[in-house]
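Here is the structure we will look at.
The structure presented is a predicted model; accordingly, all values stated were derived computationally and were not measured. Counting begins at 1 with the first residue of the sequence.
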Amino acid sequence: MKHLSFLSKLTLFTFVISTIPVLFIGSFSYLTSSNEIQKNVNKSKMELILQINSNVEHKLTTVNQTLNQVVNSSVLKKALNNPLNVTDFILYNELRTEIRNMQSFDTKLEDVILLNQRENWMIKNSGLYRLNEYQNYEQLANLMNVRDSTSWVLNPSSLFYSEESVNVTGCDYSISLIKKLPTNKLQKYGLALANIPACSLQDFINSEIDPLDSIIVLDEFGRILLHPDKELIGRPATAGGFNDFSLVTGMSESAGQFKTVIGKQDYSATYLRSQLNGWTYLSVTSIKGLTKESSKIGTYTLLICACMLLLSVLTAWLGSRRMYSPIQRLLNQMGLRRPGIKTRFADEFQSIGEQMHHLFQSKSQLEKELSQHIRQVRTFFLTKAFQGSIKNRELLEELEQYGYRPIIEEWRTMAVITLSIDYSSESSYDKKDLHLLLFAAHNMVEELVPPGERLAPVIIDHAVVTLIGSTEGSAEAFHRTLYALTENLQQEINSYLKLQVSIGLSLPFHNTDKLPTAYKESLEALKYRITLGKGIIIQYEHINSGNHYLNLNYPVHTENDLMDAIKLADTDKAKELLHKLFGCIFKLGLSPQEYQIPLHRLLGNILIMMQESGISLNQIYHVNGSLFEELTDLHIVAEIEDWFWSIVILPMIRVFHSRQNAQYHNISEKIIDIVQHDYDKDLTLEECASRLHYNANYISSVFRKETQYYFSEYLAMYRFKMAKKWLEETDMPIKDIAARLRYNNSQNFIRSFRKQEGMTPGQYRDNASSRPRAVPDDY
């Protein structure tokens, strides 16, 4: 929208002030007369629409009821599950009879169509078709996607008569009542369509209606179902001139009136929205015909307003031109009113103010972008300087370019500090947050260390690195200053971020050519966290004590116990032994490099045991990479122990545990089977272990765990069970029973039986014979 100039606003203001009273009086008289006339006409139009709506819905309800009889008939239900081949002529004839009965009613039905997508057939007046061979198969299949199970839909008539040479309906569109089939199932695969020619709705309209008036019917999607111009049937309401039809669809009332413009003429529209199918019935009347009596008032009002408008515009224009001339000159000087330049501002004053604001904003933006680029380039330069990628001469030139040369020349002693976060599983942060935490630590270093005592800190390989300088000439004074500064950094970071950090300090130096060496010294000092623990400040000069010999007493026995606990899937024991093993390893006075030897040895032995047990690395480690590389990147004892447990040992215990659950049950079943077959032999636990190829102690513990009995107990129980069976069912002598059950003599058997049952075998047999025997189930 084009904005008005200040001169135009002055002119319009004068015009509005002078014409409002006349416009108000004229409009009031004109609208009052028009509204009274329109109220009476609207009332009659609403009655007409109600009558037409009643007639149409009566016919539609009749069609719906008759179609319901068809879709619920037993013939159609049977046909839905039948492919309707040539052999199904009787079923097809019954369906045609149902359709003809429906069309016999006075419903203006042109055709009734049945289609079954699952069985691939379609029936209509002209015969039976294979659905996928029908010309408009895809369009008919899309009708399955209608929203409701029963819908009134406007469709092109050619959709249903594509195989005939002419349109038998004589109408380009048909109103289809669509019902999804089967009606009693959630899965729909068929349709029943009752087609009414859209042109037949014209039969419900009185032919004596005023030619200036129109009766229009629209479906729920705004498409024309009935219109005096039959060419518009099936087209959207906008094609009939209803550019403001959204006024009807946006109203919550089901009936009412609104005004619209059709063909550049004003019309009054009375509408009624059907509750049956969402159709909208419209009676459109020309407002020109309604307001013939009030047209004179409108003409006089228009003439008066036009005269006042001309007078107001002339007066405002002449006076405003002289007041506007200084503003015009200013705009020309700023280039805002040159030909070809469009402005987006409401007035000239806003244009001038925005132009000034833009100038200041551009200046600030340029300064901000330049500062960001300088910071990025400076960070890149300092990173290369610490890593030794810049020559000393170039280093001094770059330092001067970034404004550091004067500061460094004042420093008499310098040192590199490297700050790293001591992460552990007990921290409240996740491992994925380390980068954000490192950035926060970087910002705190910038804030806590005065700019005159440092270079800008940079992040290199998970550590914050910076150069600290001092004008102090004394080494002791510099050490005190440096230690106080790093201790303050530790405390503040711990206070605000709840994190422990370690700081490595290089040896003091005096020239910038030592910068890369100092960086390596600080990193080397930081590696001693593996020995000294977390949250420490390490000076490089305190760690090189000359103790280079390796005094390694590796805890082999504890490692073997750990391996056994892993194989037995004893989680608690394995975790306890791992902690004990780490306690033994880190009691040794080793350097950080030397600690890698026992740690890699432990990892190697575990992996060898894993391979010998038939476990692949993919079963416990699903990441592309090397376990040894991951271990080398860890520097804190708690972190290393947690890594061994969670990444290596615990997944392996789970594999052994799943194996044992299946293995234990299998072993117990085999032992029970051996007992039941060889109970009358000299059977021992060692004999079972030999047959199963297992260690006797191992299968004893497995059998005890699965059955809650020792092997000897279970064998004795089963032998007594067989003894009681023979005593009850046979006349076998007790001596022979004892011999079969592998007793050395019958007295030992009698003694054991009395202890188990509280009576001798003979008494048990007498009691069993006096009891009535149970009758077999199949007797």
Side-chain angles (χ1 to χ4, degrees), residues 564-573 613-615 653-779:
D564 292 339
I566 294 173
K567 292 178 182 178
L568 293 174
D570 191 340
T571 304
D572 296 335
K573 186 67 174 177
S613 301
I615 302 173
I653 288 176
R654 290 171 180 160
V655 175
F656 278 111
H657 187 267
S658 63
R659 285 184 175 183
Q660 288 178 357
N661 286 340
Q663 186 183 38
Y664 283 178
H665 187 67
N666 188 36
I667 290 174
S668 299
E669 286 184 343
K670 289 181 178 179
I671 293 174
I672 292 172
D673 185 66
I674 292 173
V675 169
Q676 291 178 353
H677 285 83
D678 298 336
Y679 64 91
D680 56 350
K681 299 178 182 178
D682 292 329
L683 190 61
T684 62
L685 182 64
E686 287 73 15
E687 173 69 16
C688 293
S690 177
R691 293 188 190 182
L692 299 177
H693 306 289
Y694 283 102
N695 180 272
N697 292 331
Y698 175 70
I699 67 169
S700 175
S701 62
V702 169
F703 189 79
R704 170 69 174 169
K705 184 176 181 180
E706 286 291 307
T707 64
Q708 310 303 318
Y709 294 105
Y710 290 108
F711 174 79
S712 58
E713 293 176 343
Y714 185 83
L715 179 60
M717 289 170 55
Y718 192 80
R719 284 176 171 174
F720 277 118
K721 176 183 176 182
M722 296 304 299
K724 289 188 287 185
K725 180 179 179 181
W726 291 335
L727 289 170
E728 292 176 357
E729 299 177 359
T730 69
D731 296 329
M732 186 186 302
I734 294 174
K735 182 178 180 180
D736 292 344
I737 293 175
R740 287 195 63 179
L741 296 180
R742 316 311 294 176
Y743 281 90
N744 294 330
N745 55 69
S746 60
Q747 293 301 319
N748 290 337
F749 168 68
I750 294 171
R751 193 180 303 110
S752 299
F753 192 91
R754 182 190 293 120
K755 183 178 180 182
Q756 177 73 23
E757 299 296 329
M759 64 182 70
T760 64
Q763 293 172 338
Y764 183 87
R765 173 172 280 173
D766 294 339
N767 291 337
S769 62
S770 62
R771 294 194 301 266
R773 291 194 176 186
V775 178
D777 293 338
D778 57 347
Y779 179 72

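Among residues two or more places apart in sequence or in another chain, the salt bridge (charged side-chain N to carboxylate O under 4.0 Å, His left out) test is passed with Asp682 by Arg742. With sequence neighbours excluded, the residues forming a salt bridge (charged side-chain N to carboxylate O under 4.0 Å, His left out) with Glu687 are Arg691, listed by chain and number. Every residue meeting the side-chain hydrogen bond (donor to acceptor under 3.5 Å, both in side chains) condition with Asp673, not counting sequence neighbours, appears here in chain and number order: His677. With sequence neighbours left out, the side-chain contact (heavy atoms from CB on, under 4.5 Å) criterion links Asp564 to no other residue. For Lys681, the salt bridge (charged side-chain N to carboxylate O under 4.0 Å, His left out) partners are Asp678, not counting sequence neighbours. With sequence neighbours left out, the ring-ring contact (aromatic ring centres under 6.0 Å, His included) criterion links Phe720 to Phe753. Applying the side-chain contact (heavy atoms from CB on, under 4.5 Å) criterion to Asn748, with sequence neighbours excluded, gives Tyr743, Asn744, Asn745, Arg751. With sequence neighbours left out, Arg704 forms a side-chain hydrogen bond (donor to acceptor under 3.5 Å, both in side chains) with no residue at all. Thr571 pairs by the side-chain contact (heavy atoms from CB on, under 4.5 Å) definition with Trp645, Leu650, Ile653, not counting sequence neighbours.
When atom types are taken as modelled, the side chain of Arg740 and the backbone of Asp680 share no donor-acceptor pair closer than 3.5 angstrom.
The two residues Met717 and Tyr709 make their nearest non-hydrogen contact at SD-CE2, 3.7 Å. Among all heavy-atom pairs drawn from Ile699 and Cys688, the shortest one is CD1-C, 4.1 Å. Heavy-atom minimum distance, Ile734 versus Pro761: CD1-CB, 3.7 Å. In terms of heavy-atom proximity, Ser746 sits nearest to Lys735 at CB-CA, 4.2 Å. Ser700 approaches Leu685 most closely through the heavy-atom pair CB-CD2, 3.6 Å. When all heavy atoms of Phe703 and Ile672 are compared, the closest pair comes out as CE1-CG1, 3.8 Å.
Among residues at least two apart or in separate chains, side-chain hydrogen bond (donor to acceptor under 3.5 Å, both in side chains) pairs with a member in residues 711-727 are Lys724-Glu757.
Once rounded to the nearest 0.5 Å, the distance linking CG of Leu727 with OG1 of Thr760 reads 9.5 Å. If you take CZ on Phe749 and CD on Gln756, they are separated by 11.0 Å, rounding to the nearest 0.5 Å. In this structure, OG1 in Thr730 is found 5.5 Å from CD1 in Ile737, a value given to the nearest 0.5 Å. Between atom CD of residue Glu728 and atom CZ of residue Arg765 there is a gap of 10.0 Å, rounded to the nearest 0.5 Å. In this structure, Asn697 CG and Glu686 CD are separated by 8.5 Å, a value rounded to the nearest 0.5 Å.
Leu692 has its side chain within reach of Ile671: a pair of non-hydrogen atoms, C-beta onward, lies under 4.5 Å apart.
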